[in-house]
Amino acid sequence: MARPKIALIGAGQIGGTLAHLAAIKELGDVVLFDIAEGTPQGKALDIAQSGPVEGFDANLKGANDYSDIAGADVCIVTAGVPRKPGMSRDDLLGINLKVMKSVGEGIKANAPDAFVICITNPLDAMVWALQQFSGLPANKVVGMAGVLDSARFRHFLSLEFNVSMRDVTAFVLGGHGDTMVPLTRYSTVAGIPLPDLVEMGWTTQDKLDAIVQRTRDGGAEIVGLLKTGSAFYAPAASAIEMAEAYLKDQKRLLPCAAHVDGAFGLNGMYVGVPTIIGAGGIERIVDIKLNADEQAMFDKSVDAVKGLVAACKGIDPSLA
Ligand SMILES: NC(=O)C1=CN([C@@H]2O[C@H](COP(=O)(O)OP(=O)(O)OC[C@H]3O[C@@H](n4cnc5c(N)ncnc54)[C@H](O)[C@@H]3O)[C@@H](O)[C@H]2O)C=CC1
Ligand SMILES: O=C([O-])CC(=O)C(=O)O
């Protein structure tokens, strides 16, 4: 059986890391696409030359023409611009919306059957626009954010409790911005919910609140340290987890920016919710019960995403 084809649209920091991970995990053959000439070709060649050392079987190709992504099984989109210190993700909306238009048209013409994972920021609005521009079914177009935000939450919690990250589960829902919703009640250490751990005296509510805030600020913390761009290792690992769930029909339950129509009382919009990813793409949205506080935070985040979508429609009338 032929190997799956993975097209990476954008061969920058995340794109290159995605290519490396996809090859090492032998998820398939990789095409790195970018408008910058030489960058995707150089990264593809460099990673291919690590193959004999790593011992993986995967072909890697760099491309500047969309015809090279033809028939891709998975497209992961990082094309666009990252933020710099002092900027919010939302400041990228105008410039990255134009990029989503050309990427959406390229995917529509060349890889209409692909499972598409958008990473470009501001995430929830960009994945919505990408679905509109590409015209692909909504269950096949999804945004990566919740896996990353939950991984950050898990990392900070493992430091606080001094336990393995493997024993920490976490759920961060809502939009991928300052209003994201880390759900402490649905986050656990070895199955024990965080509020119970506070009651048990293993941590304090103040410390937990600080970890929640650090999670919300997780992207900005790294932007502040790197100064020239944003996080790329953990974002790439997170998107690879989603791609693998699709390619191997794993039925993983992962928080993703999915098209929600009915669940959570929402009426056809993209936002971070728990999903099941398998061979059918987004196979299910898991409509968990939120308490009044959680619902209020979720509603605020939904409103923020709606504002960004309205701004997209204002910029590009074809979206209205
Ligand atoms: N959803 C999430 O959780 C995260 C999202 N991001 C976002 O991901 C995006 C990419 O980040 P990086 O890889 O660090 O940026 P980067 O600047 O290293 O790479 C972006 C690449 O896109 C290319 N590009 C620009 N316009 C293009 C077009 N029209 N077609 C094809 N390629 C094009 C550029 O040449 C560049 O190589 C940014 O918008 C960033 O904010 C970053 C981290 C996490
Ligand atoms: O913070 C940024 O600009 C990049 C991003 O979305 C993240 O790392 O969560």
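When a ligand or atom number is given, it counts from 1 through the structure's own listing order. All figures in this text were calculated on a predicted structure; none of them were measured in a lab.
- The protein non-hydrogen atom at the shortest distance from atom 8 (O) of ligand 2 is Arg152 NH2, 2.8 Å.
- Each of the following atoms of ligand 1 lies closer than 4.0 Å to a heavy atom of Ser230: 42 (C).
- On a distance-only criterion, Asp149 and ligand 2 share no N/O pair closer than 3.5 Å.
- In this structure, Ile222 does not count as a contact residue of ligand 2, since none of its heavy atoms falls inside 4.0 Å of the ligand.
- Using a 4.0 Å cut-off between heavy atoms, Leu148 contacts ligand 1 through its side chain alone, with no backbone atom that close.
- A single hydrophobic cluster is seen to contain both Met297 and Val286, as judged by linkage of ILVMFWY side chains at heavy-atom distances under 4.5 Å, directly or through other members.
- Taking every non-hydrogen atom of Asn96 and a distance limit under 4.0 Å, the qualifying atoms of ligand 1 come out as 39 (O).
- If you take OH on Tyr66 and CD on Glu105, they are separated by 9.0 Å, rounding to the nearest 0.5 Å.
- With hydrogens and angles ignored, the 3.5 Å screen pairs no side-chain donor or acceptor of Asp113 with any backbone N or O of Gly71.
- At the top of the distance list for atom 3 (O) of ligand 2, counting protein heavy atoms only, stands Arg83 NE, 2.5 Å.
- By the criterion of a heavy-atom distance under 4.0 Å, neither the backbone nor the side chain of Leu123 is placed next to ligand 2.
- The proximity of Ser102 to ligand 1, defined as any non-hydrogen pair under 4.0 Å, is limited to the side chain.
- With a heavy-atom cut-off of 4.0 Å, Ile119 touches ligand 1 through backbone and side chain alike.
- The backbone N or O of Glu294 lies less than 3.5 Å from a partner atom in the side chain of Asn291, making a donor-acceptor pair.
- Taking each heavy atom of Phe153 and Ser187 in turn, the nearest pair found is CE2-OG, 3.5 Å.
- In the displayed structure, Asn267 atom CG is contacted under 6.0 Å by at most 12 heavy atoms of other residues, nucleotides or ligands.
- For ligand 1, none of its N or O atoms has an N or O atom of Val99 under 3.5 Å away.
- Looking at Ser134, its side chain never comes within 3.5 Å of a backbone N or O of Lys108 through a donor-acceptor pair.
- Which parts of ligand 1 touch Phe33 is read off a 4.0 Å heavy-atom cut-off, strictly below it: atoms 31 (C).
- Taking each heavy atom of Tyr270 and Val127 in turn, the nearest pair found is CD2-CG1, 3.6 Å.
- Distances from atom 1 (N) of ligand 1 to the heavy atoms of Glu37, Met144, Met87 show the closest one on Met144.
- Side chain of Arg216 to main chain of Met180: a donor-acceptor pair is present (N/O by atom type, distance under 3.5 Å, no hydrogens or angles).
- Under the 4.0 angstrom criterion for non-hydrogen atoms, Ile35 is in contact with ligand 1.
- Scanning Gly106, Gly12, Pro82, Ala236 for the heavy atom closest to atom 17 (O) of ligand 1 points to Pro82.
- Neither the backbone nor the side chain of Ser238 has a heavy atom within less than 4.0 Å of ligand 1.
- Near His176, meaning under 4.0 Å from any of its heavy atoms, are these atoms of ligand 1: 1 (N), 2 (C), 3 (O).
- Put simply, no part of Gly229 is less than 4.0 Å from ligand 1, judged by heavy atoms.
- A salt bridge is defined here as a Lys NZ or Arg NE, NH1 or NH2 lying under 4.0 Å from an Asp or Glu carboxylate O, and Arg89 with Asp91 fails to meet this definition.
- Rounded to the nearest 0.5 angstrom, Glu283 CD and Lys251 NZ are separated by 3.5 Å.
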